[in-house]
Number of protein chains: 2
Amino acid sequence: MGLSKTEAFSELHVELAELAKAMGHPARVAIVEFLVNHNACVCGDIVEELPLSQSTVSQHLKALKQIGLIDGEIDGPSVCYCINKEKWASMQSKFQSFFSNILENNNCC
Amino acid sequence: MGLSKTEAFSELHVELAELAKAMGHPARVAIVEFLVNHNACVCGDIVEELPLSQSTVSQHLKALKQIGLIDGEIDGPSVCYCINKEKWASMQSKFQSFFSNILENNNCC
DNA sequence: AACTTTAATCGTGATATTACGATTAATAAG
DNA sequence: CTTATTAATCGTAATATCACGATTAAAGTT
């Protein structure tokens with residue numbers, strides 16, 4: 001169906017999946033990296049850097065913003081996009097736990 | 001297009017995105033968790049646990065196997081799926097670096 | 001007020017994903 | 001050899017994603 005049965009899974013699993021999905025495209029990974037490594041954070045700067053059209057970049061920014069990984073602040077006619085540190089810290093800690101659980105408690109047959 | 005322009009991005013970004021994408025569905029998160037927390041690892045056991053059909057679970061298992069996060073070993077008519085610890089350790093370290101870079105080097109305007 | 005710049009949104013098309021039932025292939029059991 | 005069990009694959013349908021150009025909206029500039 002293309003519609004995942006999210007209601008059938010635990011909240012944690014759904015949240016982890018949503019966060020992972022948000023990073024599940026190289027363009028979004030690249031956008032985040034760009035925001036971190038450059039002081040620039042204006043949409044236009046990202047469009048220049050990436051091999052994607054303005055509307056496509058805007059869509060990816062929207063996805064990242066929707067889940068809370070970045071914030072967007074209007075600055076004149078431009079928009080300054082910034083990393084939401086709290087959200088990233090929370091994401092890191094959640095995946096940390098998940099990874100640790102896997103690496104520590106796994107005992108396959 | 002639904003076809004991501006992977007060739008236009010760095011290998012690291014593509015790899016991170018692929019790994020994230022693999023975890024970008026609650027069913028796959030749940031499958032991994034199940035494999036870790038139960039000694040059972042047979043496909044049928046997972047099907048019983050999840051609210052999904054056998055064919056759908058098989059598809060998710062295939063996706064996880066394809067990227068190397070789990071291994072599948074034939075055991076009679078059944079198949080025993082196991083966590084690939086090396087792959088998970090590598091994934092953890094890659095995301096670790098990514099998260100750390102974000103939390104340390106970010107300085108928004 | 002008219003114009004420019006910037007980014008969001010709209011409309012659209014192509015491809016991917018998710019899901020299921022049905023079928024098939026492989027192994028074990030009788 | 002026949003039958004049962006298990007899981008992969010096939011076929012199909014519905015929905016989502018990705019991408020782009022065109023348009024719109026909002027804010028500055030002249």
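Just so it is clear, the model here is predicted, and its values are computed rather than measured.
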How would you label the contact of B:Ser78 with the nucleic acid (heavy atoms, under 4.0 Å): base, sugar-phosphate, or nothing?
-> sugar-phosphate
When every nucleotide of nucleotides 22-30 of chain C is labelled 5' to 3' by its protein contacts under 4.0 Å (heavy atoms), B for base, S for sugar-phosphate only, - for none, what sequence of letters results?
-> B----SS--
Going only through I, L, V, M, F, W and Y residues with side-chain contacts under 4.5 Å, is there a path from A:Val42 to A:Leu50?
-> no
Whole-Å gap separating P (D:dA16) and CD (A:Gln59) = 14 Å
Minimum heavy-atom distance A:Leu103-B:Trp88, with the two atoms named = CD2-CB, 3.9 Å
Specify the residue among B:Val79 and A:Gly24 whose closest nucleotide of DNA chain D lies further upstream toward the 5′ end.
-> B:Val79
Spacing of A:Glu48 atom CD relative to C:dT6 atom C1', expressed in whole Å = 12 Å
OP1, OP2 of C:dA19 versus side-chain N and O of B:Thr56: anything below 4.0 Å?
-> no
Ring geometry between A:His38 and A:Phe34 (parallel below 30°, tilted from 30 to 60°, perpendicular above 60°) = parallel
Distance below 4.0 Å between B:Lys21 side-chain N/O and C:dT17 OP1 or OP2 | yes
Touch check for B:Val47, heavy atoms < 4.0 angstrom, all strands: base, sugar-phosphate only, or nothing?
-> nothing
Atom NE2 of A:His25 and atom C1' of C:dA16: how far apart are they, to the nearest Å?
-> 11 Å
Could you tell me the separation between the NZ atom of A:Lys62 and the C1' atom of D:dA19, rounded to a whole number of Å?
-> 15 Å
Measure the distance from CD1 on A:Ile70 to P on C:dA7 and round it to the nearest whole Å.
-> 13 Å
Under the side chain to side chain donor-acceptor pair (under 3.5 Å) test, which residues partner A:Lys94, sequence neighbours left out?
-> A:Glu15, A:Ser90
Looking for any heavy atom pair under 4.0 Å, which part of the strands does B:Leu52 touch: base, sugar-phosphate only, or nothing?
-> sugar-phosphate
SG atoms of A:Cys41 and A:Cys82 less than 2.5 angstrom apart | no
Can you tell me the distance, in whole Å, between the CZ atom of A:Arg28 and the C1' atom of D:dT17?
-> 8 Å
Between C:dA7 atom C1' and A:Asp45 atom CG, what is the distance in whole Å?
-> 12 Å
Please answer: with hydrophobic residues joined when any side-chain heavy atoms are less than 4.5 Å apart, are A:Ile46 and A:Ile83 in the same cluster?
-> yes
Whole angstrom value for the distance that separates P of D:dA7 from CD1 of B:Ile31 = 13 Å
Side-chain donor-acceptor pairs under 3.5 Å in residues 55-69 of chain B, sequence neighbours left out?
residue: B:Ser55; atom: OG; partner: B:Ser53; partner atom: OG; Å: 3.2
residue: B:Thr56; atom: OG1; partner: B:Ser53; partner atom: OG; Å: 3.0
residue: B:His60; atom: ND1; partner: B:Arg28; partner atom: NH1; Å: 3.0

